[in-house]
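Structure, as structure tokens:
In this text the structure is predicted, and so the values were computed from the model without any measurement. All residue numbers in this chain count up from 1 along the given sequence.
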Amino acid sequence: MTLPPLQALICFATVARHRSMKAAAEELCITASAVSQQIGRLEAWLNVRLFMRGPRFLALTAEGHIYLRAIQPAFNQISQATQRVVDNACQSKITVSCTRGFAIQWLLPRLGAFEKLHPGVEVQINTTNRVVNLSSEGIDFAVRHGAGVYPGLQSHCLVNDHLLPVCSPALLAQNRPGSPRELLNYPLLHDEHRLDWRLWFDTQGIDDVDTDKGPVFIDSNGVIEAALAGRGVALVRRVLVAEALSRGRLICPLAITAASPIAYYLVYDESAVLQRMSRDFRDWLLATAASAEHRWPQP
């Protein structure tokens, strides 16, 4: 790894920001002469002129502009990571980003157990379908629905159980389907991706039916609410409807499941777990997810 003198690098970035040796010196609590010496040291190390200087004139050269743009993201990342550590040390708050459906159906019903173990810790849940920028938006953890590959971030699988058809008992009051094809007599409920029903029918060797028909909802929560209201048959991960199934609010018209190539993942930057509080939350969440999934036998 080739790194220039770090003090000189800091002086360069500060002078470039202020366009003034004097202002940079005041911010860094050193003399303007010392700042100038550090700039000269960096220019000699790089063998590149970074500033054009005059009696009342200081400006970046073209090379200086290019170099500043290249190193600025690293300074921003260091600043954000440092601020996160400082904030975590001063407050007991953890922020989690996830969809509204995941929050309502999975996270919130379980969060009380963590709060009992850590009564002084506040877990703040920000619900959105948008992929958030963890560092710039001050988010400690995110739950993402995907394949688990998130460059530059740590990821752990949270929920990956099988897809199961469910519906309200009232929907089947008159007749219960005896085969997968007979499910097509009822509206199929979809999330915005419309992929799960195609996958489920494919596992049954049925590829000659139109699985795109039926109401579409923005996430799994809308699909589940529609199923509870008797509007059709939903295909969801059973861990998300465990309580509704146990209470009889939802039933399985056919006990046929299908594995999915995507799952829910806990995603975070390594700097998010520098504090013990955040590590405890991560470990609790992963253990809770493993326990919830293992209650259900896989086919």
Side-chain angles (χ1 to χ4, degrees), residues 98-107 109 127-131 143-148 157-265 289 292-299:
C98 63
T99 64
R100 180 173 176 270
F102 188 87
I104 292 173
Q105 303 296 341
W106 197 93
L107 184 54
T127 58
T128 179
N129 289 329
R130 180 175 57 86
V131 177
V143 178
R144 293 181 179 171
H145 196 213
C157 186
L158 276 181
V159 177
N160 193 27
D161 62 342
H162 287 58
L163 296 166
L164 182 74
V166 297
C167 65
S168 166
L171 188 69
L172 306 183
Q174 302 300 321
N175 189 25
R176 195 178 184 111
S179 69
R181 284 187 183 275
E182 292 183 19
L183 276 186
L184 296 169
N185 295 327
Y186 305 91
L188 302 182
L189 307 176
H190 306 267
D191 66 15
E192 60 182 347
H193 302 294
R194 285 183 176 265
L195 298 176
D196 291 342
W197 276 115
R198 178 70 274 158
L199 174 69
W200 187 85
F201 276 99
D202 283 347
T203 64
Q204 306 309 306
I206 301 173
D207 59 6
D208 60 345
V209 297
D210 182 3
T211 60
D212 287 340
K213 292 181 179 179
V216 180
F217 301 86
I218 195 168
D219 57 23
S220 62
N221 188 60
V223 173
I224 293 169
E225 289 299 321
L228 287 166
R231 293 186 58 187
V233 183
L235 190 64
V236 295
R237 299 183 187 277
R238 62 181 139 193
V239 72
L240 299 181
V241 292
E243 183 179 357
L245 288 170
S246 66
R247 294 186 177 185
R249 298 179 65 207
L250 290 174
I251 61 172
C252 302
L254 292 170
I256 301 174
T257 63
S260 172
I262 58 177
Y264 288 95
Y265 287 86
E293 188 169 332
H294 289 162
R295 280 195 207 114
W296 297 91
Q298 299 298 332

Item to complete: Mark yes or no for whether R144, through its side chain, and Y265, through its backbone, hold a donor-acceptor pair below 3.5 Å.
Response: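 Checking the backbone N and O of Y265 against the side chain of R144, no donor-acceptor pair under 3.5 Å is found.
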Worksheet entry | Donor-acceptor pair, side chain of D219 and main chain of G222, under 3.5 angstrom |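 Yes; judged by distance alone, with no hydrogens or angles, the pair exists.
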Where is the tightest heavy-atom contact between [X] and [Y], given as atom of each residue plus distance?
{"X": "R231", "Y": "L189", "result": "O-CD2, 3.9 Å"}
{"X": "Y264", "Y": "S220", "result": "OH-OG, 3.7 Å"}
{"X": "H162", "Y": "T257", "result": "CB-CB, 3.7 Å"}
{"X": "F102", "Y": "L158", "result": "CZ-CD1, 4.2 Å"}
{"X": "R176", "Y": "E182", "result": "O-OE1, 4.2 Å"}
{"X": "P165", "Y": "I256", "result": "CD-O, 3.1 Å"}

How about [X]: does its [atom1] atom have over 12 heavy atoms from other parts shown lying under 6.0 Å from it?
{"X": "R198", "atom1": "CZ", "answer": "yes"}
{"X": "R247", "atom1": "CZ", "answer": "no"}
{"X": "I262", "atom1": "CD1", "answer": "yes"}

Can you tell if the side chain of [X] reaches within under 4.5 Å of the side chain of [Y], non-hydrogen atoms only?
{"X": "R181", "Y": "D208", "result": "yes"}
{"X": "L172", "Y": "P177", "result": "yes"}
{"X": "N175", "Y": "Y186", "result": "yes"}
{"X": "R100", "Y": "N129", "result": "no"}
{"X": "F201", "Y": "L184", "result": "yes"}
{"X": "L183", "Y": "W197", "result": "yes"}

Using 0.5 Å steps for rounding, measure from the [atom1] atom of [X] to the [atom2] atom of [Y].
{"X": "L199", "Y": "L163", "atom1": "CG", "atom2": "CG", "answer": "6.5 Å"}
{"X": "L235", "Y": "D191", "atom1": "CG", "atom2": "CG", "answer": "9.5 Å"}
{"X": "N185", "Y": "L171", "atom1": "CG", "atom2": "CG", "answer": "10.5 Å"}
{"X": "I206", "Y": "T211", "atom1": "CD1", "atom2": "OG1", "answer": "11.0 Å"}
{"X": "I224", "Y": "R249", "atom1": "CD1", "atom2": "CZ", "answer": "10.5 Å"}

Discussion item. Go through it in stages, so that I can follow the logic: the residues are L250 and C167, the test is side-chain contact (heavy atoms from CB on, under 4.5 Å), and I'd like the CA-CA distance, side-chain angles, deciding distance and then a yes or no.
Written reply: CA-CA 5 Å; L250 290 174; C167 65; 5.6 Å; no
Practice prompt. Go through the steps to decide whether V166 and L245 satisfy the test side-chain contact (heavy atoms from CB on, under 4.5 Å), and finish with yes or no.
Written response: CA-CA 9 Å; V166 297; L245 288 170; 4.1 Å; yes
Practice prompt. Please report the C-alpha distance between R237 and S260 in whole Å, then the side-chain angles of each, then the deciding distance to 0.1 Å, and finally whether the side-chain contact (heavy atoms from CB on, under 4.5 Å) criterion is met.
Written response: CA-CA 9 Å; R237 299 183 187 277; S260 172; 3.5 Å; yes
Item to complete: Decide yes or no on side-chain contact (heavy atoms from CB on, under 4.5 Å) for W200 and L188, but give the supporting numbers first.
Response: CA-CA 12 Å; W200 187 85; L188 302 182; over 6 Å; no
